[in-house]
Amino acid sequence: MSNPRPLHPIKQKLTPLGQLDECIRQTLERGGPDKQSALIYLELRHLHPGHYRDHLLECLTSRLLPLLRPADHIFQLDSHSVGLLLGQLNGTSHALLAAHRAKTLLHDVSSDELKLYPQIGIAMAPEHGRDGEALIDAAKIAAHQFAEEHIGVYDPDRDWLGQQLVRLEQPLRNALYDNRFHLAFQPQIAPASGAVSGVEVLLRWEDELLGSISPYEIISVADYLGLMDQLTHWVIQTGLRNFSQLRLAGYQGTLSINLAPNNLRDPHLAGFIGNAMAVWGIPAELVTFEITESAVIEEFELSLKHLQQIKQMGCKLALDDFGTGYSSLAYLKRLPIDELKIDRSFVMQLAESAEDRAIVESVITLAHRLQLMVTGEGVEQAAELALLQQYGCDQIQGYYYSRPLKLADLLTFLAKPR
Ligand code: C2E
Ligand code: CA
Ligand code: CA
């Protein structure tokens, strides 16, 4: 019988990935309470499968070997990244030193050798995690987030989006592909008559494993992944389809749809809206698109052009969350808006704060002077409603009247006598 083929010398130096958790446990134990361990993640991006990729990865691994002390390990994490597990460190600075040495080993080479420029991320154990999965995730996030600096140390404070990406990217892509989002509808009430004058469409996602994911999380991740236009198209298409059902059931009010900042850069948005309204037979003047001030601050002219296209089709525009963020009165003049939505942060203090009462009353007066309709958002208390009504607020939205509802529950809500 022939002997088994000897392992490639580099492969012999690699610790099998399956042992990562155990190795982390051992290094932490050996180090005791005063020492830390680090996972240094090195990724060669944009590599295509094949010999060349394998060769580069082997090259990377072999040049890193001089860094390792007897109790350290090197793992191949996937087809384009390796991880170093270093124990007995005196803190993050120690790990950074090692990462800088790794960087030097990889590109300070003689002219006939290949220079390698991996992205490098560092996660510390136990601070950022105690097992392989947590540490790899954190180090990977650091490598991507600090891409320009080539070496990044995981920073939980800077990392909200990174964590959401790791958690939500694949489920979100699947949900979009499989149509697993749905919409909620929050009634907007004309306070004088109590009639439902409008409904706002709000995105919802109930994942089997992850539970319910807030629209803020969905939108942040979708935006980062470049999926915001696709997601908004789904909201518009589904929202208008449901709106046509509501109208068939006798509903005569309006429908409001939120747009995200990046939607305003989409040259196809107005065309898409026009088509969808034609498909569902919706009169344009019954549909309002809500935007925020921050959405138009960057690339103002381009956003304005697209908003004007939407206006020209006959749809309405609302300025959402008014009073938060940059809130410049200049936008009231420069944007072709029809409605102003006063943010909940003003509404919730109305009863207690004389300043907020002064602001809200003046804003409503000013808006009316500019021929804008005013909606008060997040109204929960009768006292808030009474004050807004006294100031002439045209529309009220908030838990006081109703939470966002499923379509069927909205139909029940609409059927109730008022
Ligand atoms: P928003 O556009 O300001 O929507 C109003 C938010 O306030 C909704 O939160 C609603 O559930 C909540 N709300 C309504 N009344 C009350 C109240 O009386 N008290 C309190 N505490 N909250 C109230 P939701 O559905 O979680 O949405 C959060 C934000 O996510 C929205 O704020 C909007 O900016 C964004 N969003 C939601 N759906 C979409 C969407 O389809 N597209 C885009 N681009 N953004 C969306
Ligand atoms: Ca809104
Ligand atoms: Ca709002």
Side-chain angles (χ1 to χ4, degrees), residues 164 172 175-176 181-189 196 198-206 211-224 227-243 254-266 269 272-273 276 287-296 303 310 316-325 327 337-351 363 373-385 388 393 395-406 409-410 413:
Q164 299 309 325
L172 185 130
L176 202 55
F181 295 111
H182 63 271
L183 295 177
F185 301 85
Q186 190 174 31
Q188 300 167 320
I189 311 289
V196 180
V199 287
E200 176 176 358
V201 172
L202 296 159
L203 186 61
R204 294 289 179 264
W205 177 21
E206 221 30 83
S212 83
I213 322 274
S214 77
Y216 184 66
E217 290 170 292
I218 306 172
I219 285 154
S220 308
V221 172
D223 198 45
Y224 183 86
L227 297 172
M228 203 53 226
D229 288 337
Q230 200 183 332
L231 185 61
T232 301
H233 289 183
W234 182 85
V235 171
I236 293 171
Q237 192 65 258
T238 312
L240 292 181
R241 172 163 56 79
N242 290 336
F243 188 32
T254 57
L255 186 84
S256 296
I257 299 176
N258 292 286
L259 295 179
N262 275 329
N263 294 143
L264 305 188
R265 333 272 189 253
D266 173 12
L269 179 65
F272 184 87
I273 292 170
V287 182
T288 302
F289 288 95
E290 301 194 355
I291 57 165
T292 55
E293 290 152 293
S294 50
V296 289
S303 305
I310 296 174
K316 301 266 165 58
L317 294 177
L319 197 54
D320 203 355
D321 303 342
F322 187 77
T324 61
S327 264
I337 48 171
D338 308 273
E339 177 185 342
L340 205 125
K341 298 189 78 174
I342 299 182
D343 192 68
R344 171 173 149 70
S345 54
F346 290 100
V347 170
M348 63 196 287
Q349 306 271 5
L350 270 185
V363 166
M373 181 174 106
V374 182
T375 301
E377 285 195 283
V379 177
E380 294 185 0
Q381 312 285 337
E384 300 160 0
L385 168 65
L388 286 168
C393 188
Q395 217 174 221
I396 302 292
Q397 182 176 348
Y399 296 172
Y400 178 79
Y401 282 115
S402 170
R403 287 181 176 259
L405 302 170
K406 290 189 181 129
D409 297 332
L410 175 66
F413 185 88

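Atoms within each ligand, like the ligands themselves, are counted from 1 in listed order.
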When rounded to the nearest 0.5 angstrom, what distance separates [atom1] in [X] from [atom2] in [Y]?
X	Y	atom1	atom2	result
T375	Q395	OG1	CD	4.0 Å
E293	I337	CD	CD1	8.5 Å
L255	K316	CG	NZ	13.0 Å
I396	I189	CD1	CD1	9.5 Å
L183	T238	CG	OG1	5.5 Å
R344	Y399	CZ	OH	7.5 Å

- request: Name the orientation class of the two ring planes belonging to F272 and H233 (parallel below 30°, tilted from 30 to 60°, perpendicular beyond 60°).
  value: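 If you compare the ring of F272 with that of H233, the planes turn out parallel.
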Geometric N/O contact [X] with ligand 1, under 3.5 angstrom:
X	answer
R204	yes
Y216	no
Y399	yes
D320	yes
L203	yes

With heavy-atom distances below 4.5 Å as the criterion, would you say the side chains of [X] and [Y] are in contact?
X	Y	answer
L203	L231	yes
E377	D320	yes
V201	F185	yes
M228	T232	yes
Q188	S256	yes
V287	F243	yes
L317	T288	no
Y401	L385	yes

- prompt: Looking at E200, which of its N, O or S atoms is the nearest one to the Ca ion (ligand 2)?
  reply: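 Of the nitrogen, oxygen and sulfur atoms in E200, the Ca ion (ligand 2) lies nearest to OE2.
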I need the atoms of ligand 1 closer than 4.0 Å to a non-hydrogen atom of [X], numbered in the order shown.
X	answer
D321	3 (O)
Q186	14 (C), 15 (N)
G378	15 (N), 16 (C), 17 (C), 18 (O)
L259	44 (N)
E200	2 (O), 4 (O)
V235	41 (O)

query: Using heavy atoms and a threshold below 4.0 Å, how should the contact between R344 and ligand 1 be classified: side chain, backbone, both, or neither?
result: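 The part of R344 near ligand 1 is the side chain, not the backbone.
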- prompt: Between A260 and ligand 1, which part of the residue brings a heavy atom under 4.0 Å of the ligand: side chain, backbone, both or neither?
  reply: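 Within the 4.0 Å criterion, A260 contacts ligand 1 through backbone and side-chain atoms alike.
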If we count only non-hydrogen protein atoms and require a distance under 4.0 Å, does [atom] qualify as touching the protein?
atom	answer
atom 9 (O) of ligand 1	no
atom 29 (C) of ligand 1	no
atom 34 (O) of ligand 1	no
atom 15 (N) of ligand 1	yes

message: For the Ca ion (ligand 3), what is the number of protein N, O or S atoms at a distance under 3.0 Å?
response: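 Considering protein N, O and S only, the Ca ion (ligand 3) has 4 within range.
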Q230 side chain to L227 backbone, donor-acceptor under 3.5 Å: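 Looks like no, no N/O pair under 3.5 Å.
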Sidechain-backbone polar pair: N258 side chain, E290 backbone, donor-acceptor under 3.5 Å: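 No: the side chain of N258 does not pair with the backbone of E290.
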Among all protein heavy atoms, pick the one closest to [atom] and tell me residue, atom and distance.
atom	value
atom 37 (C) of ligand 1	P215 CB, 3.5 Å
atom 19 (N) of ligand 1	E380 OE2, 2.6 Å
atom 11 (O) of ligand 1	P404 CG, 3.3 Å
atom 46 (C) of ligand 1	I219 CD1, 3.3 Å
atom 5 (C) of ligand 1	E377 OE2, 4.0 Å
atom 31 (C) of ligand 1	L202 CD2, 4.3 Å

message: Regarding Q186 and E200, do their side chains bring together a donor and an acceptor under 3.5 Å, going by distance alone?
response: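 The answer is no; no qualifying pair exists.
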field: 3.0 Å cut-off met by an N, O or S atom of S256 to the Ca ion (ligand 2)
entry: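 For S256, the answer is no, given that no N, O or S atom comes within less than 3.0 Å of the Ca ion (ligand 2).
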